[in-house]
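For the single chain, residues carry numbers from 1 onward in sequence order. As the structure lists them, so they are numbered: ligands from 1, and atoms in each ligand from 1.
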Amino acid sequence: MTHRSVSVVGLDADDTLWHNETLFRDTQERFHDLVVRYADDDVDIDAQLLAVERRNLDLFGYGVKGFTLSLVETAIEVTRGRVPALEIENILAWGKDMLAHPVELLDGVAEIVHQLAERYRLMIITKGDLLHQETKVARSGLADIVEAVEIVSEKDEPTYGRLFEQHRVDPVTFVMVGNSVASDVLPVIALGARAVHVPFHTTWALEAADAHDSDVYPTLSSIRELPGTLRAFERRS
Ligand SMILES: [Mg+2]
């Protein structure tokens, strides 16, 4: 058995360190209540929004700004142009509210990240709008604790591979921690690194991944279990 120490821990941000998806869900509910007044009875507003978001992902990328544009586009589509400009103004205001919203760390995050920093090199790896994510990292109070913050447009194998090279990280000593199996777990494992899944209670449909063999990576019910899990990683190989 080879000993595989852990030296670098990558931390996802949205819904791993702080609340994110709940904000999107709240806005989507308000959007539904607004648009339903102008839409035909047989329109599935939420399904149409998801289709528009999926269609726009390559152009807009992840984040609030792309989401807001997709809300506007969906509002126009499902009402066949009947939605008044004043309502579009409301939708744009919700997007701005989301961008200005304070960062709320999830339970245990501040304590656990400080604790991990004593033992490991820490990197925040997140995708989304560059400016918004930079702002959230600054507001989180965690910026000075981590060694690096990487804001990327996609979290896939090529991206992680590039980050490993750039930060001189040996994948076998790297562990990624996050709430998305598709973005935080599978691409990292494919590169020979390890991953820990910390699910959030709700996952955006476009982040949902098929269930995988849980023997490959541990799933935690709280980030508070992370220090123990990492030490267990170092004991087995
Ligand atoms: Mg996340």
Among N, O or S atoms, Asp12 approaches the Mg ion (ligand 1) most closely through OD2

Among N, O or S atoms, Asp14 approaches the Mg ion (ligand 1) most closely through O

message = As a quick check of understanding, evaluate side-chain contact (heavy atoms from CB on, under 4.5 Å) for Val109 and Trp18, giving each step before the final call.
response = CA-CA 8 Å; Val109 162; Trp18 52 67; over 6 Å; no

So, does Thr16 use its side chain to make a donor-acceptor pair with the main chain of Asn179 at under 3.5 Å? yes

Open item on the list: Can you confirm whether Arg55 is buried at CZ, in the sense that more than 12 heavy atoms of other residues, nucleotides or ligands lie under 6.0 Å from that atom?
Closed with: yes

(request) Indicate whether any N or O donor in one side chain lies under 3.5 Å from an N or O acceptor in the other, for Glu147 and His167. (result) no

Give a yes or no on whether Asn179 keeps an N, O or S atom under 2.8 Å from the Mg ion (ligand 1).
-> yes

